[in-house]
There are 2 protein chains.
Amino acid sequence: MTNIHDIARLAGVSVSTVSRVLNNYKYVARDKRESVLKVIEEMKYTPNKNAIDLIRGETRTIGVILPYNNNPAFDQILNGILNKAIENDFSITVLPSNYSKEKEVEYLQKLKSKLYDGIIITSRANDWETIISYSDYGSIVSCEYTQHKEIGCSYMDRYSSYLDAFQLFKNKGHYTVAFTTARLESNSTRQMIDAYNEIFGELQPEYHISGCHCLEDGYEAAGQFLHLLERPTAIYANGDEVAGGMYLYAKSQQLKIPTDLAIIGQENQPIGIGMGISTVDHQLTKIGEQACSLVIKKSREKVKIPYRIVERDSV
Amino acid sequence: MTNIHDIARLAGVSVSTVSRVLNNYKYVARDKRESVLKVIEEMKYTPNKNAIDLIRGETRTIGVILPYNNNPAFDQILNGILNKAIENDFSITVLPSNYSKEKEVEYLQKLKSKLYDGIIITSRANDWETIISYSDYGSIVSCEYTQHKEIGCSYMDRYSSYLDAFQLFKNKGHYTVAFTTARLESNSTRQMIDAYNEIFGELQPEYHISGCHCLEDGYEAAGQFLHLLERPTAIYANGDEVAGGMYLYAKSQQLKIPTDLAIIGQENQPIGIGMGISTVDHQLTKIGEQACSLVIKKSREKVKIPYRIVERDSV
DNA sequence: CTAATTTATGAAATGCATTTCAAGTCAAGG
DNA sequence: CCTTGACTTGAAATGCATTTCATAAATTAG
């Protein structure tokens, strides 16, 4: 590989001058600039980006911690992040965590090791104390609200959105309501349960199934719910694909939607449009865009993104 | 920031010894190793990854050129890539190109500048000559077949899959058939047209609409097709979401599926399961996994991934 | 026609960790 | 007792580009 010294030697100038040409510095004599450019062209020279990153101490790269890499919700966030990143000439490295604490820490270490200028945490396994201990080494932004001032947030008010959805069910005359969530121990599950309790009173455990991610999970969950003695007349699904699975199961049992069973999905995905499923749209793309902007600005603001309910034919 | 010299000074050893401890080199006296580790712990030292990448000349990072970052097909490929990457402790940087030649070259330059050990091209805008001129600087793998020996390929036989799909229509008695594609100038569009001509004879231009990506595009395309004087009785959609849109339009016109209109989608996405749409599954996740493996192995093999047709209720 | 700028350029320091080279100690084998 | 091989360690070279400092020439301002 040819390096800046080779170019300097061949062009008969010092490395400083080559560097100046490379970085479009003003004060370089026209003839020297031209001969440097000529040599660069001839040798097909490209500066080593690792050396530049090392000396500059920044990489214009952001790491994005994603628990799952085939999940439509996280794909939406990532999509938003990529939009803003490309706009600002930043690169995005995807960091799949599968909610492993060790993996997450490994990624935060990479922030410390100067590989990324910042990190976006779309969802986390570690506690905030652990995460905050890395906030000196770069900008850390979360897609979940936290009051800790070291962390920027681009988030939505999950609790309110769940309240709204449940209230919608109630207004339509549903009192026996079930729901699904992804992880039992997650923050959103907790908020879901709180909202449920608020609207319908103490949750009976059989009306909640966790571990739902895809269409098949929804199909199965609906089966379980609809075999209960006192079966629910409405189900909130943590995703439109999960909702789609529920819809299919209901249809397979000759149930009419929304008369026999009402369903609300989440995140306004294409399948929900296709199947006519009402949904709570948390605007994850915007959440991602905002999160990326915060990292780029090195801001620790807390920005709330509004959600909206899209009513279709399943309620 | 503390660096390896600080650690060496504080531990009373040379930097070489610190480096040896860091890299688990065998021959370091127990007491020195311990005191180095103690200082590292105390100072919360983390080696600078840019310096390591610079000197090692490799980053264990792979760049993935994706034309669109919100497209379910490319998401599937990316998903496969991430699976393999994490298995092998590689990082993935997403490089959105939007089919811009300039962007693509910019990304290939980053390969040359040693930022990535290899690049996966899921779809390309540049000609092969341009791409090949970068193959000396790292491993380049394409998700599209090319005979050029400099490039590894993880691909599927699009042409055969289209032949099969069209033959399926024909077997079911469809002779007036339409289809959609994404980009007019793409390779897959060309193969699609060739396959169409092979099965149904010379394509009439009104039976082909390009520029289709999402459900809404499919809805609109179906509208156009179904307003033709001699309207098609079957449509091949370049994606299950597009197919879903067609399905919805047909339903809105009180058409029965598959009797009045048959539809085949592509890539076996959740919406296709939800709506019961038959599909050609090119197994993009596997394509991605294989592509990533090839880059990691620095192999230039050509690996063909088999496709399969999933029959549901839309044909 | 000086003094103050502006323009132009190179040497050397810097950022950080790895690796080679050389040299030294110590124990086991003959 | 000498040789050989296994340990152990540090100095210095290496990978590469940026930036500061110093210097000098050419302008411009006063």
Side-chain angles (χ1 to χ4, degrees), chain A residues 1-40 43-61 109-117 137-138, chain B residues 1-40 43-61 109-117 137-138:
Chain A
M1 281 308 281
T2 62
N3 63 28
I4 199 171
H5 285 96
D6 300 327
I7 303 298
R9 192 165 27 80
L10 292 168
V13 297
S14 70
V15 289
S16 334
T17 300
V18 178
S19 178
R20 287 185 188 108
V21 172
L22 250 18
N23 293 285
N24 267 316
Y25 183 73
K26 211 169 139 195
Y27 299 135
V28 178
R30 177 188 291 254
D31 59 328
K32 302 223 174 183
R33 163 165 276 134
E34 275 166 8
S35 73
V36 167
L37 286 173
K38 190 156 143 281
V39 175
I40 286 176
M43 303 298 293
K44 298 187 176 189
Y45 166 72
T46 302
N48 184 310
K49 191 65 166 42
N50 289 131
I52 296 175
D53 289 348
L54 170 61
I55 200 157
R56 285 222 222 276
E58 59 165 53
T59 58
R60 293 188 82 80
T61 298
Q109 283 285 347
K110 286 190 173 183
L111 177 69
K112 195 175 169 192
S113 76
K114 308 241 98 195
L115 218 39
Y116 314 128
D117 292 350
Y137 309 118
Chain B
M1 280 308 283
T2 63
N3 63 28
I4 199 172
H5 285 96
D6 301 327
I7 304 298
R9 192 166 28 77
L10 292 167
V13 299
S14 71
V15 289
S16 333
T17 300
V18 177
S19 177
R20 289 186 187 106
V21 172
L22 250 19
N23 293 285
N24 267 316
Y25 184 73
K26 209 168 138 196
Y27 299 136
V28 177
R30 176 187 290 257
D31 59 329
K32 303 225 173 179
R33 165 165 274 133
E34 274 166 9
S35 73
V36 167
L37 286 174
K38 187 154 144 281
V39 174
I40 286 176
M43 302 299 292
K44 296 187 176 188
Y45 167 71
T46 302
N48 183 311
K49 191 65 167 40
N50 291 130
I52 297 175
D53 288 348
L54 171 61
I55 200 157
R56 285 221 224 274
E58 59 166 53
T59 57
R60 291 189 83 79
T61 299
Q109 283 284 347
K110 286 191 173 182
L111 176 69
K112 196 177 168 191
S113 76
K114 308 242 97 193
L115 218 38
Y116 314 129
D117 292 350
Y137 309 117

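Here the structure is a predicted model, which is why all the values come from computation and not from measurement. A, B, ... follow the sequence lines: proteins, then strands. Residue 1 opens every chain.
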Taking the side chain from Asn3(A) and the backbone from Asp6(A), do they hold a donor-acceptor pair closer than 3.5 Å? yes
Separation of atom NZ in Lys114(A) from atom C1' in dA17(D), rounded to whole Å: 17 Å
For Thr17(B), answer base if it contacts any base atom (sugar-phosphate contacts may also be present), sugar-phosphate if it contacts only those atoms, and nothing otherwise; contact means non-hydrogen atoms under 4.0 Å. sugar-phosphate
Would you indicate which nucleotide in dT18(D), dA8(C), dC16(D) comes nearest to any side-chain atom of Arg56(A)? dT18(D)
Without swapping roles, check the side chain of Asn23(B) against the backbone of Tyr25(B) for a donor-acceptor pair under 3.5 Å. no
Using a heavy-atom cut-off of 4.0 Å across all strands, would you classify Val18(B) as base, sugar-phosphate, or nothing? nothing
For Tyr25(B) and Ile55(B), take the nucleotide of DNA chain D holding the closest heavy atom to each; which residue's nucleotide lies nearer the 5' end? Tyr25(B)
Could you tell me the separation between the CG atom of Asn50(A) and the P atom of dT18(C), rounded to a whole number of Å? 14 Å
Side chain of Asn50(A), backbone of Asp53(A): donor and acceptor closer than 3.5 Å? no
Taking atom C1' of dT9(C) as reference, at what distance in whole Å does atom CZ of Arg33(A) sit? 13 Å
Contact under 4.0 Å: Tyr45(B) side-chain N or O vs dA17(C) OP1/OP2: yes
Spacing of Arg9(B) atom CZ relative to dC16(C) atom C1', expressed in whole Å: 14 Å
Testing Val21(A), Asp31(A), Val28(A) one by one against Val36(A) for a side chain to side chain contact (heavy atoms under 4.5 Å, CB included), which residue passes? Val21(A)
Under 4.0 Å between any heavy atoms, over every strand shown, what does Ile52(B) touch: base, sugar-phosphate, or nothing? Just pick one. sugar-phosphate
Residues passing the side-chain contact (heavy atoms from CB on, under 4.5 Å) test with Lys110(B), sequence neighbours excluded, are Ser91(A), Ser113(B), Leu115(B), Tyr116(B)
Under 4.0 Å: is that the gap between some side-chain N or O of Lys32(A) and OP1 or OP2 of dT9(C)? yes
Heavy atoms only, 4.0 Å cut-off, all strands: where does Asn23(B) land among base, sugar-phosphate and nothing? sugar-phosphate
Taking dC16(C), dT18(D), dG10(C) as options, the one with an atom nearest any side-chain atom of Asn3(B) is dC16(C)
Take atom CG of Asp6(A) and atom P of dC16(D), then tell me their distance rounded to the nearest Å. 8 Å
Report the distance from atom CZ of Arg20(B) to atom P of dA17(C), rounded to the nearest whole Å. 16 Å
Would you mind reading off the distance between Asp31(B) atom CG and dC7(D) atom P, rounded to a whole angstrom? 16 Å
Rounded to whole angstrom units, what separation is found between the NZ atom of Lys112(A) and the P atom of dC16(C)? 14 Å
Closest to the Ser16(A) side chain, choosing from dA17(D), dG10(C), dG10(D): dG10(C)
Can you figure out which of dT18(C), dC16(C), dA17(C) approaches the side chain of Ser19(B) most closely? dT18(C)
